[in-house]
Amino acid sequence: MAETETTADSAWGDAAAVDGSSGRVTLAIAFCLLSMTSVQFGAALSKPAMAEVGAFGATWLRLCWAAAFLMLLVRPPFLSYTRSQWFSALSLGATMAMMTLCFFAAIERIPLGLAVAIEFFGPLTVAAVLGGRGWRLLFPAIAAVGVLCLSWDGTTWVADTRGLLFAFGAAIGWGGYIVLMRHAGQRFKGLEGLAVSLLFAALIATPFGFHQVQSGFSFHMLLVTAGLAVLVPLLPYALEFMALRRLQPSVFGILMSLEPAMGAGAGLIILGQTLSLNQVFGVVLVMIASAAGTLLARP
């Protein structure tokens with residue numbers, strides 16, 4: 001933990017030095033870009049499923065499918081794990097469950113671009129805190145202005161109170177996820193840590209999702225959520241799990257600054273959620289704050 005925190009604020013060149021290969025860093029960047037694309041378009045495509053079994057129900061089914069897929073693929077040796085490995089997987093799984101449940105509950109109530117912008121407070125705050133200087137908190141404040149711009153479409157406020165609260169819950173989950181995912185990647189071989197963490201995430205999400213699924217359960221819904229599980233969370237988590245083995249959390253945060261724009265784009269293309277000029281400005285503010293706050297997170 002201490003080693004991670006003391007090196008988390010390295011710049012691009014430092015990340016390459018840590019891994020010993022700029023090629024590995026380039027590959028990690030590609031992983032991050034693919035992950036963001038999968039998350040945002042997977043989220044936008046989830047609306048019909050959420051309409052049938054609710055946000056929690058659809059999320060729980062996806063987590064179950066993702067855990068099942070990885071368990072079959074990885075076949076983790078459960079009996080060989082140490083107490084610290086189990087604790088790491090449990091912590092990451094709980095964070096995954098919180099982040100995923102809150103995010104999909106948020107996009108059920110507020111526009112996708114706004115939800116992603118708010119969720120980004122998580123990694124941005126991690127970067128500001130690890131930067132070690134109080135003035136770094138200026139960047140979350142700039143992002144907050146961007147969120148306000150996104151919440152106003154020019155004629156009315158587009159935010160729902162519960163949607164906002166869920167989005168902030170997702171932000172807390174994402175901030176913890178970045179740190180815990182890297183730790184799990186250092187403690188497990190291959191994708192074993194991700195497989196065990198997803199199993200915990202599915203179990204933790206069960207009380208929230210099971211009752212909603214009962215109302216709209218069907219074989220068709222099982223197939224739909226299986227496909228959606230590949231887009232979110234299986235593919236993104238696997239890509240980010242591998243990326244965070246090659247990148248410092250601060251570099252990861254810089255790359256993730258593109259996510260609000262991708263979320264707005266996916267919302268426009270798939271859901272027809274158009275943005276006014278001030279909302280576009282809000283997206284730009286969040287991206288600038290995120291990139292600058294993470295890049296300048298130096299002691």
Side-chain angles (χ1 to χ4, degrees), residues 1 3-43 66-67 69-70 73-74 88-89 91-93 95-96 99-100 103 116 119-120 122-127 130 170-171 173-198 201 229-263 266 287 290-291 293-295 297:
M1 179 73 172
E3 181 182 347
T4 302
E5 290 179 351
T6 54
T7 59
D9 50 6
S10 300
W12 291 92
D14 295 325
V18 169
D19 290 323
S21 169
S22 59
R24 293 185 68 193
V25 175
T26 302
L27 182 61
I29 293 172
F31 287 160
C32 289
L33 294 175
L34 287 173
S35 171
M36 286 184 283
T37 302
S38 182
V39 166
Q40 298 310 320
F41 282 86
F69 289 153
L70 265 189
L73 178 65
V74 178
S88 176
S91 301
L92 179 58
T95 303
M96 285 177 172
M99 176 178 66
T100 312
F103 177 71
V116 174
E119 189 189 28
F120 211 87
L124 181 55
T125 301
V126 168
L130 293 183
W174 197 8
Y177 162 84
I178 290 176
V179 177
L180 293 172
M181 182 70 95
R182 181 170 176 82
H183 290 173
Q186 294 169 341
R187 286 172 170 78
F188 289 91
K189 296 179 181 178
L191 294 175
E192 289 179 13
L194 179 60
V196 179
S197 298
L198 274 172
V230 176
L231 289 175
V232 187
L234 184 59
L235 183 59
Y237 283 175
L239 290 168
E240 291 173 10
F241 193 83
M242 293 184 289
L244 280 165
R245 279 180 164 160
R246 297 164 170 84
L247 296 175
Q248 300 298 335
S250 60
V251 180
F252 181 83
I254 294 170
L255 290 170
M256 291 296 106
S257 66
L258 295 173
E259 192 133 30
M262 288 192 173
M287 292 174 61
S290 303
T294 308
L295 182 62

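Small disclaimer: the values here were computed from a predicted structure and weren't measured.
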For the residue pair [X] and [Y], establish whether any side-chain heavy-atom pair is separated by less than 4.5 Å.
| X | Y | value |
| --- | --- | --- |
| Leu198 | Phe69 | no |
| Phe103 | Val116 | yes |
| Leu231 | Phe41 | no |
| Leu247 | Cys32 | yes |
| Thr100 | Tyr237 | yes |
| Leu258 | Leu33 | yes |

Which pair of heavy atoms, one from [X] and one from [Y], lies closest together, and at what distance?
| X | Y | value |
| --- | --- | --- |
| Leu239 | Ser35 | CD1-N, 3.6 Å |
| Gln40 | Ala266 | O-CB, 3.6 Å |
| Ala43 | Val232 | N-CG2, 4.1 Å |
| Leu234 | Ala66 | CD1-O, 3.8 Å |
| Ser197 | Leu92 | OG-CD2, 3.3 Å |
| Ser38 | Leu235 | OG-CD2, 3.8 Å |

With rounding to the nearest 0.5 Å, note down the distance linking [atom1] in [X] to [atom2] in [Y].
| X | Y | atom1 | atom2 | value |
| --- | --- | --- | --- | --- |
| Glu192 | Leu70 | CD | CG | 11.0 Å |
| Met256 | Met262 | CE | CE | 8.0 Å |
| Met36 | Leu255 | CE | CG | 6.0 Å |
| Ser91 | Leu180 | OG | CG | 6.0 Å |
| Met181 | Ser88 | CE | OG | 10.5 Å |

Where the side chain of Thr95 meets the backbone of Gly173, is there a donor-acceptor pair that is under 3.5 Å apart?
no
Which label fits Trp174 and Phe120: parallel for a plane angle under 30°, tilted from 30 to 60°, or perpendicular past 60°?
perpendicular
